[in-house]
Amino acid sequence: MDLSYTPEEEEFRARLREWLARTLPGLPPRPSPDDWPGRRAYDLGWQRRLYEAGYAGVHWDATPSVRLIFLEETEKAGAPYVGANFVGLLHAGPTIAAEGTPDQRARWLPPILRGEEVWCQGFSEPDAGSDLAALRTRACRDGDHYVVTGSKIWTSHAEVADWCELLVRTDPAAPKHRGITWLALPMDAPGITVRPLRTLAGPAEFAEVFLDGVRVPVANRVGDENDGWRVTMVTLSFERGTAFAGEVVACRRVLAELAVEARKNGRWDDPVLRRRLGRLNAEFRALWRLTQWNVSAAEASGGVPGAGGSVFKLRYSHARQELYDAAAEVLGPDCLDLDRPWTLDRLSALAYTIAAGTSQVQHSIIAERIIGLPKGR
C-alpha cells in the first residue's frame, strides 16, 4: 500500500501552511477552559474562518489523505483544535455524509461547516457501562415523531450543543444490537435536562442528559428504524480511525518539548529517561504511519475507516498515558503543580482507555474482526 502523498496533495499542504502563517497571528485570545459559552463562540469563529478560506470541507469532501494533511498541518502550526465542533465535524457530520438522505445532508452538514451549529454525542448510559448496545433509552413511535425517554451520560459538549447524535432503543423485543435507532435530537426540544459533569482535570466537558417524553421527528432518523447499530459502527469507525490523527501530531510535539525541558533541568542525564523518551518517539512515529495506513485503507474502501481503527485506538490510548507519565518524570515534584504544562493533560489522559470505546472493547473487536477468533459468550 502506497503511504506517500501525491504532488497535488503536497501542493495543498503548501497552500494550507501559507494560509495558517497569515491567519493565526490575528486570532483573538483563547477563552478560559471553564468558559464554555466563550469556548463555543471561539471554536465556531475558527470554523467560520476555515469555511471562508475554503478549508472547512476537507472533513467530508476531500480525500482521506488530504484530510490527514489538514489535521497534521493545523496541529503543527498550533491552530485551534476543533473543540466544541468535535462531534459535529469528526463524528456526526461524517456519519450523516455517509448514511444520511440528501435532505439530511443539506440540512445538517452546511451549518456544521459554516460554524453555526454544535453537536454533542448521546451514546453512553449510566447503567450500560462499556456495553454500548445495552442502552435502555426508549423511543416509541407516535405518528411522525418518536417519543424518547431515558438518560445519557458522558455527553460531550451537551451544555452548548444545538444537536445530539442520539442512540435509542426502538424495539425492546429484538436482540439488543438489532433494536437500536440513530436519531438527530434538537437540544432545545421540551423535556431535555442537561446537568454538566466536572472532570478530574477541571472543566465540565461532559454532561448527563435526561430525556422525559422528548418528541423527535421521524425525519431526524439517520438510517432505517432498528438499523442504528450499523450506523453507529460507521460513527465509531470515524471516531477511532481518523478523529485522533491531530492528537498524534500534538503528542509528537509534546515529546520534543519534554526533551528540551529535560535538557534544561538536568534530567536528560538519566539514561533510563532518555531510553523512555526514545521509545515513545518510535511509538508515535509508528502510530502516525498506522494512521496513514488506515486512511489509505479507508480511501480504497469508500472513505469509511475499518477495524484497523481499533488497533490504532488501543495503542494510542496507552501511548498517550505513557507520554504524560514520562512528562511527570521530567517535571519531578513540579508535576503536582496544576499550573505547569502537561499536568492537566496527564489527568485527562487517564480517560483515553475508556473514552471512544474501552481498551477491552477494542481487544474484542481486534480478536473477532481482524484475527478471526470466535465471538465470546
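Of the candidates T181, V148, I180, R169 forms a side-chain contact (heavy atoms from CB on, under 4.5 Å) with just one, namely I180. A side-chain contact (heavy atoms from CB on, under 4.5 Å) with W163 is found for one member of P186, P111, C120 and no other, namely P186. Of the candidates E75, E72, E247, R253 forms a salt bridge (Lys or Arg N to Asp or Glu O under 4.0 Å) with just one, namely E75.
Using cut-offs of 30° and 60° on the angle between ring planes, the pair W119 and W108 is perpendicular. In this structure, H157 and W36 have tilted ring planes: the angle between them lies in the 30° to 60° band. Using bins of under 30°, 30° to 60° and over 60° for the plane-to-plane angle, the ring pair F86/H91 lands in the perpendicular bin.
The side-chain heavy atoms of L323 and V254, taken from C-beta on, include a pair separated by under 4.5 Å. When side chains are defined from C-beta on, Q121 does not count as touching C164, because their heavy atoms never get closer than 4.5 Å. Residues T155 and F123 fail the side-chain proximity criterion, which asks for heavy atoms closer than 4.5 Å. Put simply, the side chain of V209 does not reach to within 4.5 Å of the side chain of L166, judged on heavy atoms. The shortest distance between side-chain heavy atoms of R138 and V147 does not fall below 4.5 Å. At least one side-chain heavy atom of K152 sits under 4.5 Å from a side-chain heavy atom of L167.
More than 12 heavy atoms of other shown residues, nucleotides or ligands fall within 6.0 angstrom of atom CZ in R105. For OH of Y51, the number of neighbouring non-hydrogen atoms (other residues, nucleotides, ligands) closer than 6.0 Å is 12 at most. Atom CZ of R285 is surrounded by 12 or fewer heavy atoms from other residues, nucleotides or ligands within 6.0 Å.
Residues E99 and R230 are paired through a salt bridge, judged by an N-O separation under 4.0 Å between the basic side chain and the carboxylate. Here R274 does not pair with D269 in a salt bridge; the nearest charged N to carboxylate O distance is not below 4.0 Å. Salt-bridge check for E322 with R276: failed, with every basic side-chain N at 4.0 Å or more from each acidic carboxylate O. By the 4.0 Å N-to-carboxylate-O rule, D162 lies close enough to R40 to be salt-bridged with it. A salt bridge does not link R267 with E329: every distance from a Lys NZ or Arg NE/NH1/NH2 to an Asp or Glu carboxylate oxygen is 4.0 Å or more. Between D171 and R178 there is no salt bridge, since none of the side-chain N atoms of the basic residue sits less than 4.0 Å from a carboxylate O of the acidic one. Salt bridge status for R315 with E283: present, with a side-chain N to carboxylate O gap under 4.0 Å. Salt bridge R107/E117: present, at least one basic N to carboxylate O contact under 4.0 Å.
Put simply, CG on L16 and OG1 on T74 are 7.0 Å apart, with the number rounded to the nearest 0.5 Å. For the atom pair CZ (R15) and CD1 (I69), the distance works out to 10.0 Å, reported to the nearest 0.5 Å.
Hydrophobic clustering of Ile, Leu, Val, Met, Phe, Trp and Tyr side chains at less than 4.5 Å, counting indirect connections, keeps W154 apart from M187. No chain of hydrophobic side-chain contacts below 4.5 Å, direct or via other Ile, Leu, Val, Met, Phe, Trp or Tyr residues, connects V87 to L44. In the hydrophobic cluster analysis, where Ile, Leu, Val, Met, Phe, Trp and Tyr join through side-chain heavy atoms closer than 4.5 angstrom, L331 is grouped together with L273.
Side-chain contact of R49 with Y55: a donor-acceptor pair under 3.5 Å is absent, judged by distance alone. Between the side chains of T137 and E125, at least one donor N or O sits under 3.5 Å from an acceptor N or O. With hydrogens and angles left out, the side-chain atoms of E225 and Y146 include a donor and acceptor closer than 3.5 Å.
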**OP:** Test side chain to side chain contact (heavy atoms under 4.5 Å, CB included) on N85 and I112 and set out the steps.
**Re:** CA-CA 8 Å; N85 296 314; I112 294 173; over 6 Å; no
Subject >> side chain to side chain contact (heavy atoms under 4.5 Å, CB included) evaluation trace for L183 with V222 >> reply: CA-CA 6 Å; L183 298 177; V222 175; over 6 Å; no
